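These notes are about the structure you will find just below.
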2 protein chains.
Amino acid sequence: MTVIAPPQGLTIAEASERTGLTTHTLRYYERDGLMLRSVGRTSSGHRVYTERDLTWVRMLTRLRATGMPIREVKAYAALCRSGDGNETERLALLQNHRARVLSQLAEVTEHLGAIDNKIGIYQSALERADA
Amino acid sequence: MTVIAPPQGLTIAEASERTGLTTHTLRYYERDGLMLRSVGRTSSGHRVYTERDLTWVRMLTRLRATGMPIREVKAYAALCRSGDGNETERLALLQNHRARVLSQLAEVTEHLGAIDNKIGIYQSALERADA
DNA sequence: GCTTGACTTCGAGTGCGCTCGAAGCGCCAG
DNA sequence: CTGGCGCTTCGAGCGCACTCGAAGTCAAGC
């Protein structure tokens with residue numbers, strides 16, 4: 001019935017539970033080359049996730065959650081995968097992303113300020129109507 | 001050649017220039033019911049944008065830029081369109097949106113912090129390599 | 001009066017990021 | 001030894017928000 005998790009590893013269902021991603025999405029990420037390396041398999045072909053895999057998925061989730069497009073995550077994964085010597089490029093990619101996120105945060109914050117004004121207008125109009 | 005802007009109004013090209021949206025998008029928003037009311041026309045059927053229209057488009061842009069889905073902008077437009085008496089609902093909609101935006105800002109900021117750590121690790125590794 | 005070009009409508013196409021379904025296999029309980 | 005679950009792969013489908021192209025119209029300049 002239940003697939004037994006191999007020693008030192010987690011099934012895709014367990015990985016799903018710990019990362020908050022669906023099994024569909026985990027498979028999709030692997031298929032699409034977002035993983036550092038392809039996930040290990042049991043003799044019967046089932047995926048075995050290690051802690052290293054989960055750590056990477058969590059990093060990946062942070063990049064995605066801050067709006068990095070899949071293709072760029074893929075580029076970052078490719079850099080990490082190809083081993084030492086390209087740390088400068090990895091750093092540049094992350095710093096670039098950081099700058100974009102900061103400017104996007106600033107933009108959203110500014111727009112939110114204007115929306116807050118609108119909220120204030122409705123609030124005082126309603127207070128006046130109450131009185 | 002050039003379509004002359006009617007007195008007190010702007011052509012779609014001018015509205016596009018002032019709002020930063022393409023003419024395609026402006027027409028799409030109107031078609032989809034995001035505008036407060038449908039934009040005026042000349043005798044030959046060309047759109048005529050008023051300052052009121054532009055003000056609304058700017059509000060709309062702020063809602064969109066903070067991640068409000070089209071269908072919710074549409075709902076807000078519908079409330080405004082139906083006249084006085086539903087200010088409480090409009091306020092609730094905006095406050096709801098505000099809460100979502102704030103929590104999303106917090107989430108992005110937290111993820112960005114983790115990415116900053118990673119950047120720091122690369123930086124010190126590179127400094128050590130330089131020395 | 002003819003050309004030009006910005007406008008009109010309508011509907012189809014695009015890109016992104018999943019999301020889902022179908023068909024098939026292996027392992028374990030009963 | 002059989003039923004059934006949870007995994008496998010593959011490819012298609014979906015929702016969102018535009019984005020674009022085709023075909024036609026109309027006013028202005030030459």
Side-chain angles (χ1 to χ4, degrees), chain A residues 1-7 9-35 38-49 53 57 60-77 97 100 104 111, chain B residues 1-7 9-35 38-49 53 57 60-77 97 100 104 111:
Chain A
M1 193 195 204
T2 327
V3 174
I4 290 167
L10 302 100
T11 64
I12 192 169
E14 290 164 337
S16 162
E17 204 177 326
R18 301 212 188 169
T19 59
L21 300 174
T22 68
T23 57
H24 280 302
T25 303
L26 285 170
R27 281 189 281 257
Y28 163 65
Y29 280 176
E30 185 180 346
R31 220 192 312 167
D32 219 39
L34 272 70
M35 297 302 286
S38 38
V39 176
R41 304 294 152 120
T42 63
S43 56
S44 57
H46 288 196
R47 285 170 177 79
V48 183
Y49 286 83
D53 290 327
V57 170
L60 207 155
T61 299
R62 292 191 186 284
L63 295 175
R64 292 289 305 119
T66 48
M68 184 182 286
I70 294 273
R71 64 176 176 287
E72 201 167 331
V73 178
K74 217 147 54 172
Y76 180 64
H97 178 58
R100 282 194 317 250
Q104 182 213 309
H111 286 309
Chain B
M1 190 198 204
T2 327
V3 173
I4 289 166
L10 302 98
T11 64
I12 193 169
E14 290 164 336
S16 162
E17 203 177 327
R18 301 212 188 169
T19 60
L21 300 174
T22 67
T23 59
H24 280 302
T25 303
L26 284 170
R27 279 189 283 258
Y28 163 66
Y29 280 178
E30 185 180 345
R31 220 192 312 166
D32 220 39
L34 273 70
M35 296 301 288
S38 39
V39 175
R41 304 295 152 118
T42 63
S43 56
S44 56
H46 288 197
R47 285 169 178 80
V48 184
Y49 286 83
D53 291 327
V57 170
L60 205 156
T61 300
R62 291 192 188 284
L63 295 175
R64 291 289 307 118
T66 49
M68 184 182 284
I70 294 274
R71 65 178 175 285
E72 201 167 332
V73 178
K74 217 147 53 172
Y76 180 64
H97 178 59
R100 281 194 317 251
Q104 182 213 310
H111 286 309

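Residue numbers begin at 1 in each chain, while the letters A, B, ... track the order of the sequences. This one's a predicted model, so the numbers in the text were calculated from it and none came from an experiment.
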Starting at [atom1] of [X] and ending at [atom2] of [N], how long is that distance when rounded to a whole Å?
X     : N      : atom1 : atom2 : answer
A:K74 : C:dG17 : NZ    : C1'   : 11 Å
A:M68 : C:dC18 : CE    : P     : 14 Å
B:L21 : D:dT19 : CG    : C1'   : 13 Å
A:L34 : C:dC18 : CG    : C1'   : 12 Å
B:E72 : D:dG15 : CD    : C1'   : 16 Å
B:E30 : C:dC10 : CD    : P     : 11 Å
A:D32 : D:dT9  : CG    : C1'   : 15 Å

Does the side chain of [X] get closer than 4.0 angstrom to OP1 or OP2 of [N] through an N or O atom?
X     : N      : answer
A:R41 : D:dT8  : no
B:R64 : D:dA17 : yes
B:R71 : D:dC16 : yes
B:Y29 : D:dA17 : no
B:R31 : C:dT9  : no
B:T23 : C:dA6  : no
B:R47 : C:dC7  : no

Quick check: closest heavy atoms across [X] and [Y], and the distance to 0.1 Å?
X     : Y     : value
B:A15 : B:L10 : N-CB, 4.5 Å
A:R64 : A:V73 : CD-CG2, 4.0 Å
B:G33 : B:A77 : O-CB, 4.1 Å

Practice item. Kindly point out which of D:dC7, D:dT8, C:dC7 is positioned nearest to the side chain of B:H46? Key: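 The answer is C:dC7, which lies nearest to the side chain.
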Practice item. Please determine, for the side chain of B:Y28, which listed nucleotide (C:dC7, C:dT8, D:dA17) has the closest atom? Key: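 Among the listed nucleotides, the one closest to the side chain of B:Y28 is D:dA17.
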**Study point:** Along DNA chain D (nearest heavy atom to each residue), the more 5'-positioned of A:I12 and B:T25
**Key:**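 With A:I12 and B:T25 compared, the 5'-side residue is A:I12.
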Exercise for review: Kindly indicate, with the supporting measurements, whether the criterion side chain to side chain contact (heavy atoms under 4.5 Å, CB included) is fulfilled by A:L26 and A:M35.
Suggested key: CA-CA 9 Å; A:L26 285 170; A:M35 297 302 286; 5.9 Å; no
Check your understanding: If you find the nucleotide of DNA chain C closest to A:S44 and the one closest to A:H24, which residue's nucleotide is nearer the 5' end?
Key ->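 This one resolves to A:H24.
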Point to revise | B:R18 CZ: over 12 foreign heavy atoms closer than 6.0 Å | key: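 No, CZ of B:R18 has 12 or fewer neighbouring heavy atoms, counting only those of other groups under 6.0 Å.
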